[in-house]
Amino acid sequence: MTPLEIARGYIGTTEGPGPANNPTVMEMYASVGHDWVEHDSVAWCAAFVGHCLEKAGIRSTRKLTARSYLDWGIPVEIADAQPGDIGVIPRGSSSWQGHVFFIDRIEGAWVWGLGGNQSDAVNVKRYPVSKLLGVRRAGHVAPAVTLSVKAVQRRLKDLGYHEVGSIDGIIGPRTRAAILAFRDDAALPLVPIVDVALEEALEYAAPREVAPARASGSPQQSRIVAAANAQIGLGVLGAAGSITSQIAPALNEAEQARDTASRIFALAGLEAWLAVTLPWIGMAMFVGVILYALKARSARIEDHRTGRTP
């Protein structure tokens with residue numbers, strides 16, 4: 001969609017009643033990097049134009065001043081203006097003030113502008129052509145930097161927001177949770193979206209801090225740690241039993257196959273060797289269980305201390 005088509009979709013949007021804010025207008029501020037705005041009564045014509053440009057994949061000035069668009073894109077003669085070009089006119093008594101809108105059409109001495117903050121709403125309103133300070137068109141403008149969902153997920157994980165889960169390009173529950181956690185840490189509006197403000201914050205963000213108590217602690221009520229401890233205990237008992245009682249109890253399930261195995265070993269002349277080595281084989285198996293459990297427990301504790309898991 002073109003910026004003008006996107007802008008038309010907002011026709012009828014108004015500021016919130018009284019002290020209330022319209023979330024749609026507040027999103028426009030945030031999408032061009034001005035999430036600090038606290039009320040939709042702040043002039044938002046430039047935020048509206050910038051928001052529509054960014055949604056169309058075109059970099060805006062990312063400023064809230066209308067006259068910033070006099071230096072954007074390439075200049076166009078008024079006689080050559082087309083629907084979708086950007087028009088700027090003066091507003092207020094100061095030289096820096098102005099109003100910016102998308103040109104809908106020009107008819108005679110009037111230019112019809114589709115803009116925001118026109119009587120506190122998005123609508124089409126006419127202005128004298130003679131008031132136009134300039135007309136600009138997208139050209140030689142750096143495209144809006146829009147990270148893919150996978151790139152956002154990867155960056156979040158690199159920063160320590162491991163709740164993002166798999167890097168799959170899907171904004172599911174875990175990715176939304178990671179985005180909200182990052183936005184909260186970065187003092188951004190708590191909305192699970194990928195916008196200009198989020199992209200810029202991700203670019204300059206430092207790795208997520210891990211609380212000292214967590215960095216030196218262990219996970220509480222972890223099923224992995226509990227299971228590992230149980231396996232270690234059983235492994236120790238099994239290994240001890242292998243030495244003291246030739247692991248007979250541990251080999252009960254193998255007794256049915258022992259006669260066949262014994263005959264094979266007897267034919268090979270290894271029956272005496274089997275009696276000596278079988279307990280050590282059993283002990284080696286239990287030692288393997290212990291080592292595996294120790295590794296699993298250590299990995300789980302390390303994930304906890306580095307913030308990879310809750």
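When reading the values below, keep in mind they use all heavy atoms of this one structure, side chains included, and skip hydrogens, waters and symmetry mates.
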side-chain contact (heavy atoms from CB on, under 4.5 Å) evaluation trace for Leu132 with Tyr127:
CA-CA 9 Å; Leu132 281 170; Tyr127 303 96; over 6 Å; no
Are any of the side-chain heavy atoms of Ile58 and Trp72 separated by less than 4.5 Å?
yes
So, for Asn22 and Glu15, which heavy atoms are closest and what is the spacing to 0.1 Å?
CB-C, 4.2 Å
Please check if the side chain of Arg137 supplies one atom and the backbone of Ile74 the other of a donor-acceptor pair under 3.5 Å.
no
Quick one, Thr13 and Phe48 - any side-chain contact, counting heavy atoms below 4.5 Å?
no
Report the C-alpha separation of Arg155 and Leu159 in whole Å, then their side-chain angles, then the decisive distance to 0.1 Å, and conclude whether the side-chain contact (heavy atoms from CB on, under 4.5 Å) test is met.
CA-CA 6 Å; Arg155 178 61 176 155; Leu159 290 173; 3.6 Å; yes
Filter on salt bridge (charged side-chain N to carboxylate O under 4.0 Å, His left out), then keep only pairs touching residues 31-47, sequence neighbours left out; what's left?
none
Hydrophobic cluster membership, Val149 vs Ile167, 4.5 Å side-chain cutoff
no
Which side chain to side chain donor-acceptor pair (under 3.5 Å) pairs, counting each pair once, include a residue from residues 88-97, with sequence neighbours left out?
Arg91-His99
Salt bridge (charged side-chain N to carboxylate O under 4.0 Å, His left out) contacts touching residues 93-104 (sequence neighbours left out):
Arg8-Asp104
Pair Glu54 + Arg62: basic N to acidic O under 4.0 Å
yes
Could you check if a side-chain atom of Tyr10 sits within less than 4.5 angstrom of a side-chain atom of Leu114, using non-hydrogen atoms only?
no
I'd like to check His162 versus Arg208 (side-chain heavy atoms, cut-off strictly below 4.5 Å). Are they in contact?
no
Quick one: pull up CG in Leu4 and CZ in Phe102 and give me the separation to the nearest 0.5 Å.
7.0 Å
Determine yes or no for a side-chain-to-main-chain donor-acceptor pair under 3.5 angstrom, with Arg136 supplying the side chain and Leu70 the backbone.
yes
side-chain contact (heavy atoms from CB on, under 4.5 Å) evaluation trace for Asn123 with Phe101
CA-CA 10 Å; Asn123 52 43; Phe101 51 79; over 6 Å; no
Please walk me through it: do Leu53 and Ile6 pass side-chain contact (heavy atoms from CB on, under 4.5 Å)?
CA-CA 8 Å; Leu53 289 171; Ile6 293 171; over 6 Å; no
Roughly how far, to the nearest 0.5 Å, is OH of Tyr161 from OG1 of Thr175?
14.5 Å
Hey, is the main chain of Ser68 close enough, under 3.5 Å, to the side chain of Asp71 for a donor-acceptor pair?
no
